[in-house]
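A short worksheet on the structure shown next.
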Protein chains: 4
Amino acid sequence: MSDPGGVAADQLRAFVERIERLEEEKKVISDDIKDVYAEAKGNGYDVQILRKVVSLRKKQPHEREEEEAVLVLYLHALGMAGPATESAS
Amino acid sequence: MSDPGGVAADQLRAFVERIERLEEEKKVISDDIKDVYAEAKGNGYDVQILRKVVSLRKKQPHEREEEEAVLVLYLHALGMAGPATESAS
Amino acid sequence: MSDPGGVAADQLRAFVERIERLEEEKKVISDDIKDVYAEAKGNGYDVQILRKVVSLRKKQPHEREEEEAVLVLYLHALGMAGPATESAS
Amino acid sequence: MSDPGGVAADQLRAFVERIERLEEEKKVISDDIKDVYAEAKGNGYDVQILRKVVSLRKKQPHEREEEEAVLVLYLHALGMAGPATESAS
DNA sequence: CTGGCTAAACAGAACC
DNA sequence: GGTTCTGTTTAGCCAG
């Protein structure tokens with residue numbers, strides 16, 4: 001019986017191996033990133049600040065959205081219909 | 001009426017503050033839990049395992065059995081002996 | 001032998017039970033919070049927005065710090081000494 | 001030299017962009033992994049257990065045994081039968 | 001109203 | 001040692 005215990009062993013193995021393969025790739029990328037930071041450091045950059053810059057550039061669009069949403073949000077929370085509410089039911 | 005737009009701002013504030021108070025309390029408890037784990041660790045216990053024990057006790061015995069069974073099933077399907085299975089007499 | 005397997009069972013049990021007790025308390029608080037939200041909803045408030053307000057009030061001090069740090073950070077990252085940098089080595 | 005303050009802004013930008021590029025790639029891989037889990041789930045596999053299997057395969061067998069042993073030890077100390085222990089013939 | 005899905009909190013590990 | 005990053009767990013939301 002090629003199906004011990006009721007699960008398709010081959011299929012299961014395939015899934016597990018695909019995941020493991022992808023996780024390996026992911027690890028490679030992570031290491032690459034680490035390498036770039038190391039290289040930057042070798043060129044005199046402060047890695048910690050560099051990380052912060054990258055993280056900021058990532059956050060900013062999101063933060064901006066949130067900020068925008070917040071204005072409307074507060075107006076609503078206070079029971080004051082803000083602008084752009086005319087389309088609300 | 002000091003209630004612009006039909007919502008009682010004071011009431012809103014009251015709700016927000018009640019929630020914030022409760023969240024503070026919740027944080028205190030969380031810190032207490034952390035402290036207990038730290039104390040246990042100081043007494044030689046393995047915190048990670050301790051967490052696992054607590055989490056296991058939370059689960060219903062049946063659920064635990066079932067989970068374990070599926071895991072063993074998968075591991076066998078992959079040709080990996082399940083936990084403590086190979087040594088069971 | 002009151003010490004099966006080399007660990008002090010009573011002490012272990014005590015730790016586990018302290019943790020479980022605290023987790024129960026924590027759960028009570030969580031439920032209380034949920035109740036407050038429900039009550040607010042019963043009073044006509046939008047729970048989702050309420051959550052956002054609470055979360056914003058939590059984040060704001062932190063965000064402000066970060067924002068402040070960021071200005072200096074960017075200036076440094078671009079090799080432009082900003083204001084208040086005169087104390088930097 | 002178009003380099004205000006002693007740091008090469010262009011080089012800095014290059015580093016930042018290389019990092020951002022890699023992080024994007026990494027995100028793609030992460031999403032791929034998520035997809036595989038979803039596909040496995042669609043084929044009837046228990047994702048949670050699947051994750052556990054993958055994580056177990058990552059650990060060294062010895063480490064796994066050891067972890068298991070400590071857990072059983074604790075559970076016994078608390079009068080709780082360890083996994084699959086009571087049914088082991 | 002139950003269960004799946006996504007997003008946030010938490011804890012653990014790694015690196016500096 | 002402490003800071004950051006990763007992974008796990010949890011909670012809230014949504015769809016069926």
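Worth knowing before you read on, the calculation uses all heavy atoms, side chains too, and leaves out hydrogens, waters and symmetry mates. Per chain, numbering begins at 1; letters A, B, ... match sequence-line order.
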Practice item. Kindly calculate the angle separating the two end axes of the helix from E:dC1-F:dG16 to E:dC16-F:dG1, each obtained from five base pairs, and round it to 10 degrees. Key: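 End-to-end axis angle: 0°.
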
Could I get a table of every N or O pair under 3.5 Å where one atom is in the protein and the other is in nucleotides 2-9 of chain F?
residue : atom : partner : partner atom : Å
F:dC5   : OP1  : A:Arg51 : NH1          : 3.2
F:dT6   : OP1  : D:Lys26 : NZ           : 2.1
F:dG7   : OP2  : A:Lys26 : NZ           : 3.1

Practice item. Let me see the working for C:Lys26 and B:Glu25 under salt bridge (Lys or Arg N to Asp or Glu O under 4.0 Å), right down to the final yes or no. Key: CA-CA 8 Å; C:Lys26 189 172 155 188; B:Glu25 289 180 38; over 6 Å; no

Check your understanding: Quick one: ring-ring contact (aromatic ring centres under 6.0 Å, His included) pairs with a partner in residues 9-34 of chain A, sequence neighbours left out?
Key -> A:Phe15-D:Tyr45

Review point. Is there any ring-ring contact (aromatic ring centres under 6.0 Å, His included) pair reaching into residues 18-43 of chain C, and which pairs are they, with sequence neighbours excluded?
Key: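 Every candidate ring-ring contact (aromatic ring centres under 6.0 Å, His included) pair involving residues 18-43 of chain C fails, so no pair, neighbours aside, qualifies.
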
With the criterion being N/O to N/O and under 3.5 Å, what pairs connect the protein with nucleotides 5-7 of chain E, and how long is each?
residue : atom : partner : partner atom : Å
E:dC5   : OP2  : D:Lys41 : NZ           : 2.5

Check your understanding: Should B:Glu20 and C:Lys58 count as an ion pair when the cut-off is N to O under 4.0 Å?
Key -> no

Check your understanding: Should the pair A:Glu66-C:Lys59 be classified as a salt bridge under the 4.0 Å nitrogen-to-oxygen rule?
Key -> yes

Exercise for review: Using whole Å, report how far NZ of C:Lys27 lies from C1' of E:dC10.
Suggested key: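 C:Lys27 atom NZ is separated from E:dC10 atom C1' by 18 Å.
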
Review point. Should C:Arg21 and C:Glu17 be marked as a salt bridge (Lys or Arg N to Asp or Glu O under 4.0 Å) after you check the CA-CA gap, both sets of side-chain angles, and the distance that decides it?
Key: CA-CA 6 Å; C:Arg21 177 88 170 87; C:Glu17 284 173 358; over 6 Å; no

Can you give each donor-acceptor pair under 3.5 Å made by side-chain atoms of residues 46-53 of chain D, sequence neighbours left out, with the distance rounded to 0.1 Å?
residue : atom : partner : partner atom : Å
D:Asp46 : OD1  : D:Gln48 : N            : 3.0
D:Asp46 : OD1  : D:Ile49 : N            : 3.2

Check your understanding: Would you say the side chain of B:Arg18 lies within less than 4.5 Å of the side chain of C:Asp32, judging by non-hydrogen atoms?
Key ->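 Contact flag for C:Asp32/B:Arg18 side chains = no.
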
Check your understanding: How about D:Asp31 and D:Lys34: do any of their side-chain heavy atoms sit closer than 4.5 Å?
Key ->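 Yes, their side chains come closer than 4.5 Å.
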
Review point. If every non-hydrogen atom of B:Ala77 is compared with every non-hydrogen atom of A:Leu12, which pair is closest and at what distance?
Key: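 Answer, listing the atom of B:Ala77 first, then A:Leu12: CB-CD2, 3.7 Å.
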
